[in-house]
**Student:** 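Got a structure for you, written out below as structure tokens; questions coming shortly.
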There are 2 protein chains.
Amino acid sequence: MTLRNKELSKNQKIVLDYIQKCKKPVKAYSILSNVNKKGLKAPPQVYRALDKLIEIGEVHKIESQNSYIACNSTCTSPQGTIFSICKSCDKTDEISDAKLFKFLSEVKDMNGLSLSGYNLELFGTCSNCKD
Amino acid sequence: MTLRNKELSKNQKIVLDYIQKCKKPVKAYSILSNVNKKGLKAPPQVYRALDKLIEIGEVHKIESQNSYIACNSTCTSPQGTIFSICKSCDKTDEISDAKLFKFLSEVKDMNGLSLSGYNLELFGTCSNCKD
DNA sequence: ATTATTATGTTATAATATAACGCTATACTC
DNA sequence: GAGTATAGCGTTATATTATAACATAATAAT
């Protein structure tokens with residue numbers, strides 16, 4: 001158990017444990033059915049846990065897929081996420097390309113917006129599917 | 001009527017006309033209730049029109065809000081969109097910051113992904129809400 | 001210890017989106 | 001212009017995603 005999830009509640013730990021086991025993004029109702037045996041019976045229990053986990057940055061939501069993925073080790077900030085998503089196999093990785101991260105972070109006054117966060121989803125074909 | 005929507009079907013025109021009238025992103029069911037008087041009675045009629053309009057680049061989906069917005073005149077490609085979204089008032093604008101656009105377009109092999117599209121959503125506080 | 005905060009369990013329902021079916025219109029092509 | 005392929009239409013039903021609301025329990029803060 002990491003330092004970060006010491007403070008998590010029982011349901012939050014159950015949900016996070018499950019998401020971390022998954023390589024791919026997972027859907028909320030898939031989480032629900034997979035943690036059913038651990039006592040979570042209804043959607044709000046999962047969604048509440050997700051809300052908290054997202055808030056503290058342990059989990060990110062892939063907006064274009066309504067799915068959830070554990071934060072990877074290289075993620076430096078829950079406010080800015082970058083994902084590469086294979087349209088063919090759904091392989092999804094969190095990216096922390098330093099140049100890209102830096103570039104976006106330096107955008108201070110984009111269109112009059114005082115920036116507090118961003119989400120970038122990159123779509124394409126992964127190396128496995130390219131062949 | 002623009003050149004582009006000459007080829008659109010009746011329902012597609014109705015939906016596009018409505019979205020273009022709106023300044024803010026609109027929800028699918030809000031579109032439905034607003035075009036009801038024009039003969040669209042059920043969700044599939046709206047969603048089909050949206051699918052087509054998104055495909056041809058006349059409309060973009062704001063993934064984080066499940067809402068839809070007309071493409072603005074500066075949009076150069078339906079495959080890459082950038083939005084600034086005010087978390088306070090939901091004011092949303094499509095951005096075509098040249099530097100940002102160029103930077104993202106030049107990302108050719110991000111994490112092994114052969115890039116075909118991207119969606120960037122920037123969150124923050126707009127100039128109106130800042131005060 | 002009492003108060004504030006956070007989490008829990010539960011039922012119900014809201015909001016978003018698609019499947020499936022039969023039919024019609026349009027465009028393509030030979 | 002008959003045949004056929006493609007796209008669109010209208011409709012009913014249903015799937016998927018997410019939240020409201022309420023009563024209770026656990027935890028933390030002073």
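No hydrogens, no waters, no symmetry mates; every other heavy atom, side chains included, goes into these values. We name chains A, B, ... by the order of the sequence lines, and we start the count at 1 in each one.
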**Student:** Rounded to whole angstrom units, what separation is found between the CG atom of B/D51 and the P atom of C/dT16?
**Tutor:** 16 Å
**Student:** If you assign B/A42 and A/N66 each to the DNA chain D nucleotide with the nearest heavy atom, which residue ends up on the more 5' nucleotide?
**Tutor:** B/A42
**Student:** Counting side-chain heavy atoms from CB outward, which of C/dT16, D/dA21, D/dT11 is closest to B/R48?
**Tutor:** D/dT11
**Student:** Nearest 0.5 angstrom please: A/K27 NZ to A/C22 SG, how far?
**Tutor:** 13.5 Å
**Student:** Tell me what A/Q12 touches on the nucleic acid: a base, only sugar-phosphate, or nothing, going by heavy atoms under 4.0 Å.
**Tutor:** sugar-phosphate
**Student:** Measure the spacing between OG1 of B/T81 and CD1 of B/I62 and express it to the nearest 0.5 Å.
**Tutor:** 7.0 Å
**Student:** Please report the distance, rounded to the nearest Å, between CD in B/Q65 and P in C/dA17.
**Tutor:** 12 Å
**Student:** Return the stacking result for D/dT17 and A/Y29: yes when the ring centres lie under 5.5 Å apart and the planes under 30°, no otherwise.
**Tutor:** yes
**Student:** Just how far is it from atom CG of B/D90 to atom OG of B/S67, taken to the nearest 0.5 Å?
**Tutor:** 8.0 Å
**Student:** Should we count NZ of B/K23 as having more than 12 external heavy atoms under 6.0 Å?
**Tutor:** no
**Student:** Using a cut-off of strictly less than 4.0 Å, decide whether A/N11 has a side-chain nitrogen or oxygen near OP1 or OP2 of C/dT8.
**Tutor:** yes
**Student:** Please state how far atom CG in A/N36 lies from atom P in C/dG9, giving the value in whole angstrom units.
**Tutor:** 12 Å
**Student:** For the side chain of A/S9, counting heavy atoms from C-beta on, which of C/dT8, D/dT11, C/dT18 is nearest?
**Tutor:** C/dT8
**Student:** Let me know the distance between OH of A/Y47 and P of C/dG9, rounded to the nearest Å.
**Tutor:** 18 Å
**Student:** Which of these nucleotides, D/dA18, C/dT18, D/dT11, is closest to any side-chain atom of B/Q45?
**Tutor:** D/dT11
**Student:** Atom CG of A/L8 to atom C1' of D/dA28: distance rounded to whole Å?
**Tutor:** 16 Å
**Student:** Compare side-chain N and O positions of A/K10 against OP1 and OP2 of D/dA25 and report whether any pair is under 4.0 Å apart.
**Tutor:** no
**Student:** Within this structure, what is the NZ-to-P distance between A/K61 and D/dT16, rounded to whole angstrom?
**Tutor:** 16 Å
**Student:** Name the orientation class of the two ring planes belonging to B/F83 and B/H60 (parallel below 30°, tilted from 30 to 60°, perpendicular beyond 60°).
**Tutor:** perpendicular
**Student:** Where each residue is assigned the nucleotide of DNA chain C containing its nearest heavy atom, which of B/P44 and A/K52 is assigned the position nearer the 5′ end?
**Tutor:** A/K52
**Student:** Does B/K27 place a side-chain N or O at less than 4.0 Å from the phosphate oxygens OP1/OP2 of C/dT16?
**Tutor:** yes
**Student:** Looking at C/dA17, I'd like to know if its phosphate oxygens (OP1 or OP2) sit under 4.0 Å from a side-chain N or O belonging to B/Y68.
**Tutor:** yes
**Student:** I need the CG-C1' distance between A/L50 and C/dT8, as an integer number of Å.
**Tutor:** 16 Å
**Student:** Using atom CG of A/L40 as one end and atom C1' of C/dA7 as the other, report the distance to the nearest whole Å.
**Tutor:** 12 Å
